Amino acid sequence: MAQPKTLLRKLWDAHVVSEADDGTALIYVDLHLINEVTSPQAFESLTLRGRKPWRTGSIVSTADHNVPTTLRARGITDPLARLQVETLAANCARLGIRHYGMNDPHQGILHVVAPELGITQPGMTVVCGDSHTSTHGAFATLAFGVGTSEIEHVLATQCLRMAPLKAMRVTVSGKLGTHVSSKDLALAVIARIGTSGGVGHALEFSGEAIAALSMEARMTLCNMSIESGARIGLIGVDDTTVAYLRGRPDAPTEADWPEAERHWRGFVSDLGAVFDAEISLAAEEIAPRVTWGTAPDMSSPVSGVVPDPDTLADPTRRAAFRDALAYMDLTPGTPITDIRPDKIFIGSCTNARIEDLRIAAAVVRGRRVADGIRQALVVPGSGQVKADAEREGLDRIFRDAGFEWRDAGCSMCLGMNDDRLGRGERCASTSNRNFEGRQGAGGRSHLVSPAMAAAAAIAGHFVDIREFEGDRR
Amino acid sequence: MKAFEHVSGLVVPLDRRDVDTDAIIPKQFMKSIKRTGFGKNLFDSWRYLDDGEPDADCSNRPRNPDFPLNLPRYAGASILLCRENFGCGSSREHAVWAIEDYGFRALVGVSFADIFRNNCIKNGILPLTLPPETIDELFARTREIEGFDLDIDLTSQTVRAPATGDGWNFEIDAFQKHCLLTGLDDVELTLLEEERIRDYEARRRRGTPWLFRQTG
Ligand code: SF4
């Protein structure tokens, strides 16, 4: 019998155009996603060198980072942002690239748009000038972020030259508790292996708890794998994957379906495949988590307290914890549930899919945002998510509670548009990065799941969603 | 691509782990559609005391007197000493453009994030890793010795400290070394394999035709 292979190996082998003795390979790219922020210099350089995209049909583009999420009819008032968004549209029009502009119903965050249209399909290689491209690995794709020079390289050659990656398996046994989400699981994994534990690796998530996750929840998990340093997150194909793809606009037609499905189902790690590293977690032990620091591995269970840096042996780590607490204005020993956010952000490519909004709406329904909260935003991940949510009446639930209901985009995940934190403002955010200033210069981010963000909005401070019983009107 | 062979210059220490690309070049500067001019905004929110805006003149902005890049003793440094997981976070190549534009030629640290490392190579910046103990030692030296220089040679994969006479070897991926030394246009290089790519593509079109139907 052939040597059992990991999913990573299968994906790699299926895309090797040529290979050098040291294992470095030229890898073919099936799908190239493009945004307005990291692509202009690549298009410019491509054109300056007299080159054309190799296969425009492999490219899908939308504006997500810089677009306003309100009053779109007014256009983009920030001239620099407008120039980027217009440059992207012009490049796409000039080269015949499929583009969802700001007012297209399918516009949204690339990592929400491509899966929901069925563009992302198992067995593909997917690249994008954005580190959260790892999201697409939930569909058993080799999906990873690249820089602008690499964007140009893919445009010109449809390939990337890569050194082989290592495979790390993260096995999650058992079942996640009620109200515990894949966001909490992601934060738990990152807390375990650290922000650089995944460097050089693709993380493959497997086990009973992963099999039970919806595609939306799997995307959240793979999305966050980059925060452990792993450029790639992976989950093998199963019935959930196949069922999700059925009927999506870009999914294979009925005629192609049987062959496509047979092909997809091969994208799982073989029994007995050997991984370069293995870790395992018990799902039952995972509680809802809240980050208290300025790196994604600085999180605690909601029942916990802000830790004391002095208990750490490693001096660099101790210094990092101290800096983080100073920046976050938190004192060791403070119960997590005593932390009071000023703003609530439910959005981003991590947690702004329809399922996320349903979960948050279920917490919010019939309740009011607490008086101490200055602003509570819901920013759907795509125009499609927004439309679906409105059809279900979720927008009403949020609005009635005092949330603002916005148009799709990255928004306060990184604050490139007007949605951002002011100096010293504290935010309960469903996004993926709590770096200093990430959501606005001087802003303080606490990463949580949609249910936890919603509950914090109602209570005015973090609460354990498992015990949350706010009054409903 | 720019070539890198050798650098000899002053070292500035940035003693923090997990320095992310948002910190290296904050988001507001990513609104530029150019590749140049990012150096004055490198580490903007650490380097200056006010909030930086794109295209603004930085010469009169209030500087953080404690930030290493602002200390006179480190003026003109071409080597940045860093810790673990430098360049994590966003894939923005603007971070490397800022580092290069500021005048750095090499980064010496414990580890670098994967995407950032690739971006460095593409821009002729050497991301050099040494064991944590050696990095600890180098941090100590940069503090003790004013004008502490390093001499980095990629061909022989060696680092030397003229002030103390110390020397270390470093490891680097053979392909990345080759790219840096030659400064090849890697698109050009890949296009030498154009026929192979076409063959692969034809096979892929036959094997998974649905991937080519919707999008051409
Ligand atoms: S939502 Fe945030 S993390 Fe996701 S692509 Fe946009 S800016 Fe990046």
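Every chain is numbered from 1, with letters handed out A, B, ... down the list of sequences. The model shown is predicted, which means the values in this text are computed figures rather than measured ones.
Heavy-atom distances place both the backbone and the side chain of Ala260(A) under 4.5 Å from chain B. When heavy atoms are compared at a cutoff of 4.5 Å, Gln158(A) approaches chain B solely by way of its side chain, counted from C-beta outward. Residue contact with chain B, scored on non-hydrogen atoms closer than 4.5 Å, involves the backbone and the side chain of His153(A) alike. Of the atoms belonging to Asp136(B), not a single heavy atom falls under 4.5 Å from chain A. Interface residue Thr190(B): backbone and side-chain heavy atoms are both found under 4.5 Å from chain A. Heavy atoms closer than 4.5 Å to chain A are found in the side chain of Glu193(B), but not in its backbone. Residue contact with chain B, scored on non-hydrogen atoms closer than 4.5 Å, is absent for Thr133(A). For Glu195(B), no part lies under 4.5 angstrom from a heavy atom of chain A. For chain B, the nearby parts of Arg317(A) are the backbone and the side chain; heavy atoms of each come within less than 4.5 Å. Within the 4.5 angstrom heavy-atom criterion, only side-chain atoms of Asp78(A), from C-beta onward, approach chain B. Interface remark: Gln176(B) contributes no atoms to any contact with chain A (heavy atom separation under 4.5 Å). Contacts between Arg196(B) and chain A at a heavy-atom distance below 4.5 Å involve backbone atoms as well as side-chain atoms. If you measure heavy-atom distances from Asp55(B) to chain A, the contacts under 4.5 Å come from the side chain alone. Looking at Phe112(B), the atoms closer than 4.5 Å to chain A (heavy atoms on both sides) all sit in the backbone: N, CA, C or O. Interface remark: Arg35(B) contributes backbone and side-chain atoms alike to the contact with chain A (heavy atom separation under 4.5 Å). Interface remark: Ser149(A) contributes backbone and side-chain atoms alike to the contact with chain B (heavy atom separation under 4.5 Å). Contacts between Asp186(B) and chain A at a heavy-atom distance below 4.5 Å involve backbone atoms as well as side-chain atoms. Of the atoms belonging to Arg117(B), not a single heavy atom falls under 4.5 Å from chain A. When heavy atoms are compared at a cutoff of 4.5 Å, His132(A) does not approach chain B at all.
The neighbour count for Glu144(B) CD, taken as heavy atoms of other residues, nucleotides or ligands under 6.0 Å away, is above 12. For CD of Glu259(A), the number of neighbouring non-hydrogen atoms (other residues, nucleotides, ligands) closer than 6.0 Å is greater than 12.
Taking every heavy atom of both residues into account, Asp114(B) and His201(A) meet most closely at OD2-N, 4.4 Å. Across Phe435(A) and Cys88(B), no two heavy atoms sit closer than the pair CZ-SG, 4.4 Å. The two atoms that bring Asp51(B) and Ala441(A) nearest to each other are OD1-CB, 3.8 Å, heavy atoms only. When all heavy atoms of Ile33(B) and Glu44(A) are compared, the pair lying nearest together is O-OE1, 4.1 Å. Between Ser90(B) and Arg438(A), the closest heavy-atom pair is CB-NH1, 4.5 Å. Between Ser196(A) and Glu84(B) the shortest heavy-atom distance is OG-OE2, 3.1 Å.
A distance of 4.5 Å separates CH2 in Trp54(A) from CD1 in Ile197(B), rounded to the nearest 0.5 Å. To the nearest 0.5 Å, atoms CG (Asn66(A)) and CE (Met30(B)) are separated by 8.0 Å. For the atom pair CG of Leu26(A) and OH of Tyr200(B), the computed distance is 10.5 Å after rounding to the nearest 0.5 Å.
Counting only heavy atoms from C-beta outward, the side chains of Ser91(B) and Glu150(A) never approach each other to under 4.5 Å. Using a 4.5 Å heavy-atom threshold, the side chains of Lys31(B) and Val37(A) count as separate. Using a 4.5 Å heavy-atom threshold, the side chains of Glu93(B) and Val146(A) count as separate.
Put simply, the side chain of Asp22(B) never gets that close to the backbone of Glu436(A): no donor and acceptor are under 3.5 Å apart. Not a single donor-acceptor pair under 3.5 Å links the side chain of Lys34(B) to the backbone N or O of Gln41(A).
Salt bridge status for Glu188(B) with Arg49(A): absent, with no side-chain N to carboxylate O gap under 4.0 Å.
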